[in-house]
Amino acid sequence: MEMTGKTVPFVDMADGITRIGPVNSFDPTHTFLCGQCFRWNRTESGDWLGVAGSRAMRLQWDGRRLTISGATPEEVRTFWIPYLDLEADYPKWKENLSASDAVMAEAVAFGAGLRLLRQDPWETLATFLISQNNGIPRIRTIVDALCRCFGEPIPFEGSTVYAFPSPNVLASLDACEMDVCRAGYRNAYLLKTSRQVAEGEVDLSRLSALPYREARDSLLTLHGVGVKVADCALLFSGIHRSAFPVDRWVLRVMNALYPGSGSTTESLQGFARERWGVMAGLAQEYLFHYARVKKIGI
DNA sequence: CTCCAGGCTGAGC
DNA sequence: GCTCAGCATGGA
């Protein structure tokens with residue numbers, strides 16, 4: 001029996017260590033390696049080191065509880081628990097999705113510990129701008145270089161990690177400077193979009209106040225942002241979970257599962273939104289994770 | 001060598 | 001409106 005409801009058991013261990021749990025429907029492998037984020041790394045000891053926004057933390061997972069270090073209990077409560085979406089009722093969502101059909105049930109079971117993160121909207125948008133026609137390992141390399149070169153330093157465990165650079169900082173670069181991250185032709189998209197956001201042409205902080213379709217249309221005015229990137233930005237920042245950033249893997253799986261539901265992206269999105277409603281984005285993420293790991297290996 | 005990777009833009013219909 | 005080459009880079 002899985003825990004439901006919004007209460008997350010929480011213990012302050014002092015010395016900058018916090019323990020959370022028991023938590024069900026969570027697994028850092030599913031959550032951090034499903035392709036929604038690019039700044040979590042597993043250490044040799046099995047811990048996870050992550051940077052999000054202007055914060056960093058170390059996470060340990062024993063299969064039942066999370067132990068967080070490098071963050072104050074207050075930060076854990078107000079930032080990391082919402083970031084990891086630990087208060088949401090995944091058992092209920094998984095049950096609903098699984099009931100919708102057998103293959104979805106298999107995909108849900110396969111990625112049972114997957115949670116949709118609530119990442120910073122700018123960081124999410126920029127990293128998925130880089131993701132286009134690109135592979136996950138190289139996306140990580142590029143994002144890493146961007147942060148090290150242009151991000152604010154964050155003292156962490158006696159060393160330094162770097163925040164994702166702000167739109168203002170990136171907007172001040174020229175194409176030559178930005179090329180150190182080796183993003184190729186995406187440099188131009190990143191530069192122009194940084195400038196558009198820095199100029200206030202699109203206000204990312206206002207997206208959550210807009211209905212899904214208007215939020216997406218707003219993002220589509222940015223250079224290099226298409227439907228896929230806009231949907232990923234909305235979904236993985238937690239702004240709109242009905243966003244359905246269908247890609248070739250899910251297209252392949254969906255077309256196999258539901259022949260005739262539509263071979264185009266738009267009709268598949270409509271199909272998914274009708275079938276899974278506000279959970280369409282989560283449904284796609286289970287499918288994506290399932291298809292990718294089953295067919296390519298992690 | 002070719003093909004692919006969490007696509008998008010701009011040109012030509 | 002629609003289709004589609006071209007796009008930088010690096011790994012398989």
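Being a predicted model, the structure only gives us computed values, none of them experimental. The sequence lines fix the lettering, A, B, ..., with proteins before strands; numbering per chain opens at 1.
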Q. Has Phe128(A) got its ring stacked on the base of dG6(B), with centres under 5.5 Å and planes less than 30° apart?
A. no

(Q) Can you check the distance between dA8(C) and dA11(B), where both ends of the measurement are the P atom (answer in whole Å)? (A) 15 Å

Q. Do the non-hydrogen side-chain atoms of Gln36(A) and Leu117(A) ever get within less than 4.5 Å of each other?
A. yes

Q) Between Arg186(A) (CZ) and dC8(B) (C1'), how many Å, whole number? A) 10 Å

Q: Specify the separation, in whole Å, of atom CZ of Phe244(A) and atom C1' of dG7(B).
A: 17 Å

**Q.** Side chain Arg138(A), main chain Ala183(A), donor-acceptor under 3.5 Å
**A.** no

Q.
Using whole Å, what does the distance between atom C1' of nucleotide dC8(B) and atom CG of Leu125(A) come to?
A. 13 Å

(Q) Heavy atoms only, 4.0 Å cut-off, all strands: where does Val246(A) land among base, sugar-phosphate and nothing? (A) nothing

Q: If a pair satisfies salt bridge (Lys or Arg N to Asp or Glu O under 4.0 Å) and one of its residues is in residues 186-209 of chain A, list it, with sequence neighbours excluded.
A: none

**Q.** Interface with DNA chain B, restricted to residues 130-144 of chain A and to heavy atoms under 4.0 Å
**A.** Ser131(A), Gln132(A), Asn133(A), Asn134(A), Gly135(A), Ile136(A)

**Q.** Pairing residues for Asp85(A) by the side chain to side chain donor-acceptor pair (under 3.5 Å) criterion, not counting sequence neighbours
**A.** Tyr90(A), Arg118(A), Arg241(A)

Q) Within 45° of the six-membered ring axis of Phe10(A) and under 6.0 Å from that ring's centre, is NZ or CZ of Arg77(A) located there? A) yes

Q: Using whole Å, report how far CZ of Arg292(A) lies from C1' of dG6(B).
A: 9 Å

Q) Arg248(A) side chain N/O closer than 4.0 Å to the phosphate oxygens (OP1, OP2) of dG6(B)? A) no

Q. Would you say the side chains of Ser100(A) and Trp276(A) form a donor-acceptor pair under 3.5 Å?
A. yes

Q.
Evaluate Asp217(A) against Arg213(A) for salt bridge (Lys or Arg N to Asp or Glu O under 4.0 Å), listing each step before the verdict.
A. CA-CA 6 Å; Asp217(A) 288 344; Arg213(A) 189 60 67 143; 5.7 Å; no

(Q) Need one value for Cys181(A): base, sugar-phosphate or nothing, where a base atom within 4.0 Å counts as base even if backbone is also close, heavy atoms only. (A) nothing

(Q) Whole angstroms only, please: what is the CZ-P distance between Phe288(A) and dA5(B)? (A) 10 Å

(Q) Going 5' to 3' along DNA chain C, which are the first and last nucleotides with any atom under 4.0 Å from a heavy atom of chain A? (A) dC7(C) to dG10(C)

Q) Aromatic ring centroids of Phe156(A) and Tyr162(A) under 6.0 Å? A) no

Q: Answer yes if the ring centres of Tyr286(A) and Phe110(A) are under 6.0 angstrom apart, and no otherwise.
A: no

Q) If we take the C1' atom in both dT3(C) and dG6(B), what is their distance in whole Å? A) 23 Å

List, with names and distances, any nitrogen or oxygen atoms from the protein found under 3.5 Å away from nitrogen or oxygen atoms belonging to nucleotides 9-13 of chain B.
{"from": "dT9(B)", "atom 1": "OP1", "to": "Gly224(A)", "atom 2": "N", "distance (Å)": "2.9"}

Q. Is Asp27(A) salt-bridged to Arg115(A), going by a charged N under 4.0 Å from an acidic O?
A. no

Q | Nearest-angstrom distance from the residue atom CG of Leu268(A) to P of dG7(B) | A | 15 Å

Q. With sequence neighbours left out, what residues match Ser159(A) under side chain to side chain donor-acceptor pair (under 3.5 Å)?
A. none

(Q) If only side-chain N and O atoms count, and only distance matters, is there a donor-acceptor pair under 3.5 Å linking Asp231(A) with Tyr212(A)? (A) yes

Q: Take atom CG of Leu235(A) and atom C1' of dG6(B), then tell me their distance rounded to the nearest Å.
A: 12 Å

Q. For Gln269(A) and dG6(B), what is the distance between atoms CD and C1' respectively, to the nearest whole Å?
A. 13 Å

